[in-house]
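Reading through the structure tokens given below for one structure.
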Amino acid sequence: ASVVSLRAEDSLPPAPSGYSWQRLLTIKSAVLKPDGWFFKQSKKGQTDGFFITKEDIDISGAFLTGLTLNCIRDVPKKTGQAPSDYAASMADSAATKHQLVERLTSQQGPFRAVRFRYVDAPAGKESITIYQLLIANDKTGTLFFVIFEAPTSSWSEAWKSGDIILKKLLLDDET
């Protein structure tokens with residue numbers, strides 16, 4: 001994920017072919033949206049949620065393939081932990097429930113990131129491949145919790161879009 005300080009008045013870099021930028025105004029950020037996909041926004045307490053999905057959530061009430069980005073503010077107040085420690089504990093928790101296919105950590109500017117991928121196979125349902133990227137800003141107390149998921153049967157095709165979206169996240173470092 002490339003992380004930059006993005007102000008509302010800033011112009012965005014050119015989007016790759018087949019994508020357009022979706023501004024997330026309440027968190028001064030932007031994500032790529034594949035052409036023909038849908039955007040939805042929600043707010044619950046101190047969490048802003050954004051969805052870039054292949055299926056229209058407003059019609060079906062859910063989606064199979066897509067990205068969820070939750071911006072969680074005041075993480076230390078809620079959890080008693082710095083966002084980076086909370087993100088690491090979330091990855092540890094996932095590792096106890098699922099066999100992680102990969103797990104990586106990185107740092108860029110004020111952001112510390114942990115990313116991991118696993119397959120969830122709920123009883124009687126098609127398995128889903130889930131990629132989680134947790135980007136913590138300990139300076140502001142914010143955690144960006146990003147999930148890209150798709151049915152495992154179509155993961156390799158879906159991940160072509162997911163990989164492009166996740167490599168070009170534009171997140172505000174002051175949010």
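It should be emphasised that the depicted structure is a prediction, and the values quoted were computed from it without experimental measurement.
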Working for salt bridge (Lys or Arg N to Asp or Glu O under 4.0 Å), residues Asp56 and Lys40: CA-CA 9 Å; Asp56 187 344; Lys40 186 169 177 68; over 6 Å; no
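- Note that CZ of Phe39 and CD1 of Ile57 are 10.0 Å apart. Values are rounded to the nearest 0.5 Å.
- No continuous path of ILVMFWY side-chain contacts below 4.5 Å connects Ile135 to Phe116, so the two sit in separate hydrophobic clusters.
- A 6.0 Å sphere centred on NZ of Lys43 holds more than 12 heavy atoms belonging to other residues, nucleotides or ligands.
- Here the OG atom belonging to Ser154 is positioned 8.0 Å from the CG atom belonging to Leu64, to the nearest 0.5 angstrom.
- Minimum interatomic distance between Asp172 and Phe111 (heavy atoms only, all atoms of both residues): O-CZ, 3.7 Å.
- Ser106 approaches Arg115 most closely through the heavy-atom pair OG-NH2, 3.3 Å.
- Under the 4.5 Å side-chain heavy-atom criterion for ILVMFWY residues, no single connected hydrophobic cluster contains both Ile147 and Trp155.
- With rounding to the nearest 0.5 angstrom, the CZ atom of Phe50 is 4.5 Å from the CG atom of Leu24.
- Interatomic distance, CD of Gln22 versus CD1 of Ile52, reported as 5.0 Å (0.5 Å rounding).
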Give the C-alpha distance, both sets of side-chain angles, the deciding distance and a yes or no for side chain to side chain contact (heavy atoms under 4.5 Å, CB included) between Leu12 and Arg23. CA-CA 9 Å; Leu12 298 168; Arg23 284 188 183 265; 3.7 Å; yes
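- Around atom CD of Gln99, no more than 12 heavy atoms belonging to other residues, nucleotides or ligands sit under 6.0 Å away.
- Nearest approach of Tyr86 to Gln81, heavy atoms of both residues: CD1-OE1, 3.3 Å.
- Grouping the Ile, Leu, Val, Met, Phe, Trp and Tyr side chains by contacts below 4.5 angstrom, directly or via other members, places Ile128 apart from Ile165.
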Go through Trp21 and Leu170 one step at a time and tell me if the side chain to side chain contact (heavy atoms under 4.5 Å, CB included) criterion holds. CA-CA 10 Å; Trp21 285 108; Leu170 299 179; 3.6 Å; yes
Should Tyr131 and Glu102 be marked as a side chain to side chain donor-acceptor pair (under 3.5 Å) after you check the CA-CA gap, both sets of side-chain angles, and the distance that decides it? CA-CA 9 Å; Tyr131 184 98; Glu102 66 177 319; 4.9 Å; no
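- Salt-bridge formation is not detected for the pair Asp85/Arg112: no Lys NZ or Arg NE/NH1/NH2 atom is positioned less than 4.0 Å from an Asp or Glu carboxylate oxygen.
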Does the pair Arg73 and Asp48 meet the rule for a side chain to side chain contact (heavy atoms under 4.5 Å, CB included), with working shown? CA-CA 9 Å; Arg73 294 182 178 83; Asp48 286 287; 2.4 Å; yes
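- Of the candidates Val101, Thr152, Asp120, Val119, Ile130 forms a side chain to side chain contact (heavy atoms under 4.5 Å, CB included) with just one, namely Asp120.
- With rounding to the nearest 0.5 angstrom, the CG atom of Leu67 is 8.5 Å from the CH2 atom of Trp37.
- Note on Val146 and Val31: same hydrophobic cluster, where clusters join Ile, Leu, Val, Met, Phe, Trp and Tyr whose side-chain heavy atoms are under 4.5 Å apart, directly or indirectly.
- Around the CZ atom of Phe63, the shell of radius 6.0 Å holds more than 12 heavy atoms that belong to other residues, nucleotides or ligands.
- Ala88 and Arg103 make their closest contact through O-NH2, 3.5 Å (heavy atoms, listed as atom of the first residue, atom of the second, distance).
- A distance of 10.0 Å separates CZ in Phe148 from OG1 in Thr68, rounded to the nearest 0.5 Å.
- Hydrophobic clustering of Ile, Leu, Val, Met, Phe, Trp and Tyr side chains at less than 4.5 Å, counting indirect connections, keeps Trp159 apart from Phe51.
- In the model, Asn70 has no side-chain atom that pairs as donor or acceptor with a side-chain atom of Thr47 under 3.5 Å.
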Would Leu143 and Leu134 satisfy side chain to side chain contact (heavy atoms under 4.5 Å, CB included), going step by step from the backbone distance to the final call? CA-CA 7 Å; Leu143 179 66; Leu134 294 94; 4.1 Å; yes
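- What you find for Ala136 and Ser84 is that their closest heavy atoms are CB-N, 3.3 Å.
- A pairwise comparison of heavy atoms in Asn137 and Thr175 identifies ND2-O, 4.5 Å as the closest pair.
- Remark: Lys78 NZ is packed, more than 12 non-hydrogen atoms of other residues, nucleotides or ligands lying under 6.0 Å away.
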